[in-house]
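Bear in mind that the values here come from a model prediction, so they are computed numbers and not experimental data.
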Amino acid sequence: MRDLSASYHRWYNRLFGIGRVVVTYRYQKQQQKLIFLTSDVQARTLYERLRANVTVSFEKFVPEFIRKLDSVERDQSTVFCEQRYLRHSHAEQFAARYDVNFKDLAAQVRFCAKQNAVSEELTLRFGGLKARVQRLEPYINEWQTSRDAHNQGYISRYALQDSAYFANVESSSLTPHQIEAALVFDDANLVTAAAGSGKSSCIVAKIGFALKQGLFQDREILALAYNKLAAAELQARLDKKLTVALGRPIKVASRTFHSFGLSVLLEHHGEGYRPKVFKEDEDEEGRLMKTVIVQLYERDVSFKANIAQWMLQAPYEDPRPQGGGDDLEECEQRYEACCAQRVRAAKKKFEPSVPTFDLNKPVRSLQERSIANWLILHGVRFNYEEADWEGGKRLKLRPKSSASKTPPPCRPDFTYWLPVEESNPQKAAVRIVHEHFALNAQGVAPQWMGGDKYAQQAAQKREMYNQRAQEHTSVGSQKIRFFETTSADFYDGSIFDKLRQALIDAGVPIQAPDPVIEAKALAGFRQNNELEELIKNFVLSFKDSGLSPQQVEEQAESMDNPHRAKLFLKVAFAVFDGYQAALKEAGKIDFADMLRNAVELLKNGTVKTPYRFVLVDEFQDISLLKANLVKSILDQATDRSIVFGVGDDWQTINRFSGSDVSIFTDMERYFSRYVTRVVLPDTFRCSQGIADVSRAVVLRNEGQVDKPVRSSNSKRQAAVRVVEHGIEAQDRRAALVSELDRLVAQAPNIKLTANDTRPGLPSVLILRRTKSPATTPEGLDDAFLGDLRERYDTTLTIEVMTTHGSKGLEADFVVLVGLDSGFRGFPDERPPEPLLDLVLPPRKDPIEEERRLFYVGLTRARHQVCVLTASPKPSQFLFELQDQKGAGGAIDWVAHSEQRVPCPRCTVGSLLKRNNTQKCTRSSLCGYQRRVA
C-alpha cells in the first residue's frame, strides 16, 4: 500500500450529526478510495484510530533513517572537510558509495514525509529527515559541482588565511595564480606556465603549505629533477626558504630520477650493495659503447659483414626535398644537391657529385650510389650517364641552343657492354642500358621529382629502349638490351637480387665480392663518426623507450625504407647485446637499466616507498620511462598519493633524449588519474613585447596549449631586433660586433638585473643552434667568440652557448645568431634520421620542435633579443617574424638590403633578384627560379 492519505469531515443536518472519513491509497499501481459515512462520533473514532495505527507503523522507520543519515553525514563531513582540498577521486568514490542505496533511502524518506495520516509530531520529524536528505543529495547526485564549490571555497579561504605565508615564503610575493597552484592537491596536478613565470616558486610554496597544514610529512614528499645541478638548487632553495617559513628544519628529498632509482636498488639489495653506476652528465655510456663497437669490429666476422652490407647498400636515408615543379632537370638538380649534402660532398655544377667507392665514378643520387657500389664490389664494368645520341633523337630532345641543330644525347643511368668475341669480330657489340627510376610500386613518382611528368618521361624511355631492342637485330649493328630498377625495389630490398638476375640474363659477368672494396666500406664506417653516433644514440634511446627488439622490427616494416632499417637493426642490436654484456662483465649499471629495474621493484611491491607526494620539475621533458617510475610510486598507495608536475609544453625541446610532449598534454591517459590544470599567465622575465612575439611564434605549432602571457614590464617597442647582414663570414662577425657595441651604449639607459658575479655589467647570451664546427654559422666559431668575450670583458658579461643549453637561464640581452636557411641554419634543415624515430616518441612535424627551440632562445632575454640573419638566405622563422612586423612595434627590422618575395613553390624561402633572375633562397632544397624583367 502506497500514498496513504486520510481525511475527516464533520457534517450536520437538522436531525443527525454525520462524520465523513475518506481514505485514499495506491495498491498494485491502482488508485483506491474508501469513503466512510457514519455518526460523527464513530467517524472521529475511526479517523483517530487510523492515524494512531499508521503513526505506529511509520515510527518504526525513524531510527533506521536516522542511523543511515548519520552515517552518510559523518562520511560527507570527512570527505568534504573544510581543511582539505577535495580530490576528484575521493569525491567520486563518496558518490559511488551511496549512488544506489542513498537514492532508495531518499525515496523512502520522501514517501514517509508525504503521509498526512500520521501524527503532527511524526510529520515534523519526517520533515527534518527530508531536509537532511536534500542537503546531502548534491554531494551524491551532483558531486562534481559540489566538489568544485568546495574547492573554490577552500582556495579562497586559505589564500586569505595564509596570505602572510604566501607573501614571504619566496623573495617576492606569490601571484594569485601561483597561490592557486600551491593550494591545489588533486589526484594529479599540472601547472602550465610560460617562460619566466615563477614555476619553481610554486614548488617551494606548495611543499611548504603541505607541511604547514599537515597534509604530508617530510619523509612522504619527493621532488624530482632532471640533473644533479637542478636537484641541488631546488634542495638548497627548499632548505633555505622553508626552514625560515616553517620555523624548523625540513627533510624533504630533492633528487634526480637516477639517484632515486639507485636508492630503490640499494634498498632492495641491502647496505652491502655497491653498484658501479655511470656518473651523470659525463657520457660514460657513450665511451663504453664506442669500446664495444671497436671490439665487435675487430673480433666478430658477422658484425663486420653486416657493417659492410649497410655501408655498401644504404648508410644514408634517401632525401625527400621540399617543393616540386614541371622542370624535371631542376627537380633532379635539387635532389642531387640534397644527396651530395647528405654525404658531405661538394655540389658540382654540371658533373655528378655523389661519390662512390670508385672515385672516378661519381653519381647523382644515393640510390644510384648504392647500385654503383654493388657493381664496383662485384667487378661489374659500367659507364655512368654514357651519351646515347640515338636515344636523344628518338626521344626528340630539344637542342640546347638555337645555334645547335643537333639534339642532346639521352644519358641512361648505367651502361654495360658485352665485349666482342675475338673468334667472331663481325658479331655486333651489345649495349645493355639500365635505368633506375624514382617510382614507387604503383609506378608513381614523388612530387619533388616531377610527379606525373617524371613518370611519363620514364615511360617514354622504357618504350624507346624496348623498341630499339627489337629493331637492332641485323649483323654488324649495335644491339640494345634494356632493363630497369625502381625506388620501390630499393626500399623493399629486392633491388640487388633483381640487378644480379638482369645482368646474368644479359650475359654480363659478375665476380665474387672484392675484399678491397669491402675493406673500403668498413674503413668508411670507422672514419664516419656520424654513423657511429647514430648507433650509440639508437641503442641508448632503445633502452629508454621500453620497447622490445620485436616491436622495433615490426615498426621497421612500416617505414618508407624498410630495407635500410633492417640492415641497420642487424648492426644496432648486435651493439646493444654487446653493450649489455660489457655492462654485466664490468659489474656496472647504466641509467636506463637503473630506472627500469627500479620500476619493476616498485611495481611488484618488492620495495615499498614512503613517498605519497611526488613533484616533477620541468614536466614537459618527461620521458615514458621516467613517467613509469613516477607512476610506480603513486600506484603503491593510489588513494593517498598525488603527483604535481610543473612545466611548459612550449619548451619541449629534448625529444632526442626521449622527452614525450604527449605525456604533458595528455597526462590523464598516462597516469590514469584526473588532472587539475592551473595556468601561470605572468612572466617576471621578458618584456611584454618579447612575450607577445614569442607566443605568436610558438602557437604556429599544432597542439600547443594556448595560454595568455602577461608581463610586469609593459615595454613593447623594439623588443625583438632583426638585423640583416651579408652571407660571408666577415659579414656575420661585423654584425655581431656592431650589436654588442650597441648594447654597451644602451646599457646605462635600462634597469639591469642584479648580477651576482659582475655587478653593474649587463649580461648577454650569444646563442647558436649548434656548436659543432661542421654546422655552426660561418665565421662564428669558438675561437672568434672566445676573443669577443675577452674584448668586452670590462663592459659586458658574455656567455656563449647553444640554444638547447640556455634553457632555464636568462640574461639582460640575448643575441640569436645564424637565423639562416640551409645546412648551417636555424631551423636545422638537415633531414631528420628516421631510424631514430623507431625508438623515439612520435612527432607530427620536425619543424615543431625547432620552433619551440626558437621560442626558448627568444624568451631568455629580459630586455631585448637581437636576431642576426643573412639576408640572401633568411630562416623560415624570419618570415614568421615578418608576419608580426606591424604588431605594435615589437619588432625592429634593421638593414633591409633587398625586397623579398615569398617563394611560390616551397612557401618557406624567398625570391631574391640576381641580374634578370629571381631565385629561391633555399636553393639546395627548393631550387625555384624565374626570369623577370
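The shortest side-chain heavy-atom distance between Asp621 and Phe664 does not fall under the 4.5 Å cut-off. Annotation: side chain of Val169 is not in contact with side chain of Phe209 (no heavy-atom distance under 4.5 Å). Side-chain atoms of Phe303 and Val575, non-hydrogen and from C-beta on, do get closer than 4.5 Å to each other. In this structure, Thr676 and Leu190 have side chains that are not in contact, with every pair of non-hydrogen atoms separated by 4.5 Å or more. Residues Arg564 and Leu835 form a side-chain contact, since some pair of their non-hydrogen atoms from C-beta on lies under 4.5 Å apart. Contact of the Glu533 side chain with the Asn529 side chain is not registered, since no non-hydrogen atoms from C-beta on lie closer than 4.5 Å. When side chains are defined from C-beta on, Phe260 does not count as touching Val614, because their heavy atoms never get closer than 4.5 Å. At least one side-chain heavy atom of Leu836 sits less than 4.5 Å from a side-chain heavy atom of Leu534.
In this structure a side-chain-to-backbone donor-acceptor pair under 3.5 Å is missing from Asn701 to Gln704. Counting only distance, with no hydrogens or angles, the side chain of Ser672 and the backbone of Glu668 share no donor-acceptor pair below 3.5 Å. Not a single donor-acceptor pair under 3.5 Å links the side chain of Glu618 to the backbone N or O of Val646. A donor-acceptor pair under 3.5 Å is formed between the side chain of Arg860 and the backbone N or O of Leu809. Within the 3.5 Å criterion, the main-chain N or O of Val705 finds a donor-acceptor partner in the side chain of Trp650. In this structure a side-chain-to-backbone donor-acceptor pair under 3.5 Å is present from Asn189 to Val643. Counting only distance, with no hydrogens or angles, the side chain of Ser254 and the backbone of Leu234 share no donor-acceptor pair below 3.5 Å. Here the side chain of Thr803 pairs a donor or acceptor atom with the backbone of Arg768 at under 3.5 angstrom.
A salt bridge is absent between Arg673 and Asp186: the closest approach of a Lys/Arg side-chain nitrogen to an acidic carboxylate oxygen does not fall below 4.0 angstrom. Salt-bridge annotation for Glu553 and Lys566: absent, with no side-chain N of the basic residue lying under 4.0 Å from a carboxylate O of the acidic one.
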Residue pair Leu680, Thr192: steps toward the side chain to side chain contact (heavy atoms under 4.5 Å, CB included) verdict: CA-CA 6 Å; Leu680 300 185; Thr192 304; over 6 Å; no
Residue pair Thr683, Arg862: steps toward the side chain to side chain donor-acceptor pair (under 3.5 Å) verdict: CA-CA 10 Å; Thr683 177; Arg862 302 185 189 104; over 6 Å; no
Audit row: Tyr670, Ser662, side chain to side chain donor-acceptor pair (under 3.5 Å) steps and yes/no: CA-CA 9 Å; Tyr670 279 88; Ser662 68; 3.1 Å; yes
Chi angles and distances behind the side chain to side chain donor-acceptor pair (under 3.5 Å) call for Glu880, Gln876: CA-CA 7 Å; Glu880 296 177 8; Gln876 167 182 342; 3.3 Å; yes
From CA spacing to verdict: salt bridge (Lys or Arg N to Asp or Glu O under 4.0 Å), Lys608, Glu267: CA-CA 9 Å; Lys608 302 292 185 181; Glu267 184 171 346; over 6 Å; no
Stepwise side chain to side chain donor-acceptor pair (under 3.5 Å) test for Thr609 and Gln636: CA-CA 8 Å; Thr609 176; Gln636 289 204 346; 5.3 Å; no
Chi angles and distances behind the ring-ring contact (aromatic ring centres under 6.0 Å, His included) call for Phe568, Phe538: CA-CA 10 Å; Phe568 171 77; Phe538 177 90; 5.1 Å; yes
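Minimum heavy-atom separation, Val679 to His177: O-CD2, 3.5 Å. Taking both residues in full, the closest heavy atoms of Thr638 and Asp635 are given as OG1-O, 3.6 Å, listed atom of the first, atom of the second, then distance. Taking each heavy atom of Gln620 and Thr652 in turn, the nearest pair found is CB-OG1, 3.4 Å. Of all heavy-atom pairs spanning Ala691 and Cys686, the tightest one is N-CB, 4.3 Å. The shortest heavy-atom contact between Leu183 and Tyr85 is O-CD1, 3.7 Å. Ala195 and Asp648 make their closest contact through N-OD2, 3.7 Å (heavy atoms, listed as atom of the first residue, atom of the second, distance).
Crowding of Lys707 atom NZ: a count of heavy atoms from other residues, nucleotides or ligands under 6.0 Å exceeding 12.
Phe185 and Phe216 have tilted rings, their planes meeting at an angle from 30° to 60° on a 0 to 90° scale. Ring-plane geometry between His88 and Tyr674 is classed as parallel, the angle between the planes falling under 30 degrees on a 0 to 90 degree scale with a further cut at 60.
Aromatic pair Phe542/Phe573: centroids less than 6.0 angstrom apart. Side-chain rings of Tyr226 and His258 stay apart, their centers remaining 6.0 Å or farther from each other. In this structure, Phe591 has its ring center no closer than 6.0 Å to that of Phe257.
For Asp682, the salt bridge (charged side-chain N to carboxylate O under 4.0 Å, His left out) test picks out Arg710, with sequence neighbours left out.
Paired with Arg655 under the rule salt bridge (Lys or Arg N to Asp or Glu O under 4.0 Å), one option of Asp837, Asp845, Asp660 passes, and it is Asp837.
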